*Asks:* 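What follows is a structure written as structure tokens; I'll ask about it next.
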Amino acid sequence: MIYLKTPDEIEKMRRACDLVSQVMGEVAKQVAPGVTTRHLDSVAREYMLAHGGKPACLGYGGFPGTLCIEVNETVVHGFPSGYCLREGDIVGIDTVVELDGFNGDMCYTFMVGDVADDVRRLCVETKNSLYKGIEACKPGNRIGDISNAVQTYVERRGYTVVREMCGHGIGRKMHEDPEVPNYGRRGTGPLIKNGMCLCIEPMINLGSKNVVIESDGWTCRTRDRKPSAHYEHTLAVHDGGTEVLTTFDYIAEALGDRFI
Ligand code: MF3
Ligand code: CO
């Protein structure tokens, strides 16, 4: 069941999305070699709580963190831990804030210090593919148009698309219908309509597309242990167009010329 949002509800989505974007800006200030992912998690949780938000991942299905931490070969849903970030790592940080009953969801993959060229390029092209998906998200198109735009862009560049996890609708719940896969055929899937709020989140691998879930039941990593990148925005379709509700601007401000 797809819930179409009213303008008032979209305004609440806008606020939740601005808060989650600020949270990511705060986290961005802290990402550096030697910092533990648990430290990033507490920075995020405290910022959310101080601004009236609820860390929506914490306790979700038993998930133990505010942030999902995705170091190198981790694709999604890694736990915050005592792991110290190292020069050359990439770390995807994915989080959701609930504010006034609505959820904002975003992910950004950060580079820790200098990163190998091929891995840096994976990050840049994964982020580009997110914007290709966003361009294809407009009323009258179908979800498969988004999926196909992402897939075509990354596969032409030699990367692979994770199949097991998808983008999704969002609103009062973190995950609502429809699913938004990062692979698929143009002209298929649900029609995109005014009032839809969607998360587009390409999860793109440098090596093969295959993933495994670790024995903790959550941490998803590439089977070949090659790196994976992940970027996500929350969008609202309204008045015949698409508004990107989350922003990487706070991250850009925090990183300065290190922003990619
Ligand atoms: N953005 C992530 C997702 O859509 C958030 C997961 S929160 C978790 O899957 F609690 F499930 F980890
Ligand atoms: Co999401």
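The first residue of the sequence shown is numbered 1, and numbering continues consecutively from there. First listed ligand is number 1; within each ligand, the first listed atom is number 1. All of these numbers come straight from a predicted model, not from anything done at the bench.
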*Asks:* Going by ring pair (Phe, Tyr, Trp, His ring centres under 6.0 Å), name the pairs with one or both residues in residues 4-44, residues two or more places apart or in two chains.
*Replies:* none
*Asks:* Answer yes when E11 and R14 have at least one side-chain N-carboxylate O distance shorter than 4.0 Å, and no when they do not.
*Replies:* yes
*Asks:* Determine whether a donor-acceptor pair (N or O, by modelled atom type, separation under 3.5 Å) exists between the side chain of N194 and the backbone of D239.
*Replies:* yes
*Asks:* Taking any residue with a non-hydrogen atom under 4.0 angstrom from an atom of ligand 1, which ones do you get?
*Replies:*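 Those residues closer than 4.0 Å to ligand 1 by some heavy atom are C57, Y60, F63, C68, H77, D94, V96, D105, H168, M174, H175, E201, W218, E232.
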*Asks:* Any pair with a residue in residues 136-194 that passes ring pair (Phe, Tyr, Trp, His ring centres under 6.0 Å), sequence neighbours left out, goes on the list, sorted by first then second residue, please.
*Replies:* Y60-H175, H168-H175
*Asks:* Are L235 and Y3 linked, directly or through intermediate hydrophobic residues, by side-chain heavy-atom contacts shorter than 4.5 Å (ILVMFWY only)?
*Replies:*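 No, because Y3 and L235 fall into different hydrophobic clusters, even though each may have its own neighbours under 4.5 Å.
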*Asks:* With side-chain hydrogen bond (donor to acceptor under 3.5 Å, both in side chains) as the criterion, how do N148 and Q151 come out once you've worked through the C-alpha distance, each side chain's angles and the decisive distance to 0.1 Å?
*Replies:* CA-CA 5 Å; N148 187 261; Q151 180 178 23; 4.6 Å; no
*Asks:* Between N72 and P227, is there a donor-acceptor pair closer than 3.5 Å when you use the side chain of the first and the backbone of the second?
*Replies:*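 The answer is no, because no donor-acceptor pair under 3.5 Å joins these two groups.
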*Asks:* Please work out whether the ring planes of F110 and Y108 are parallel, tilted or perpendicular, with thresholds of 30° and 60°.
*Replies:* tilted
*Asks:* For residues D18 and Y250, is any side-chain donor paired with an opposing acceptor at under 3.5 Å?
*Replies:*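 Yes, side-chain donor-acceptor contact under 3.5 Å.
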*Asks:* What protein N/O/S atoms are there under 2.8 Å from the Co ion (ligand 2), waters excluded?
*Replies:* D105 OD2, H168 NE2, E201 OE2, E232 OE2
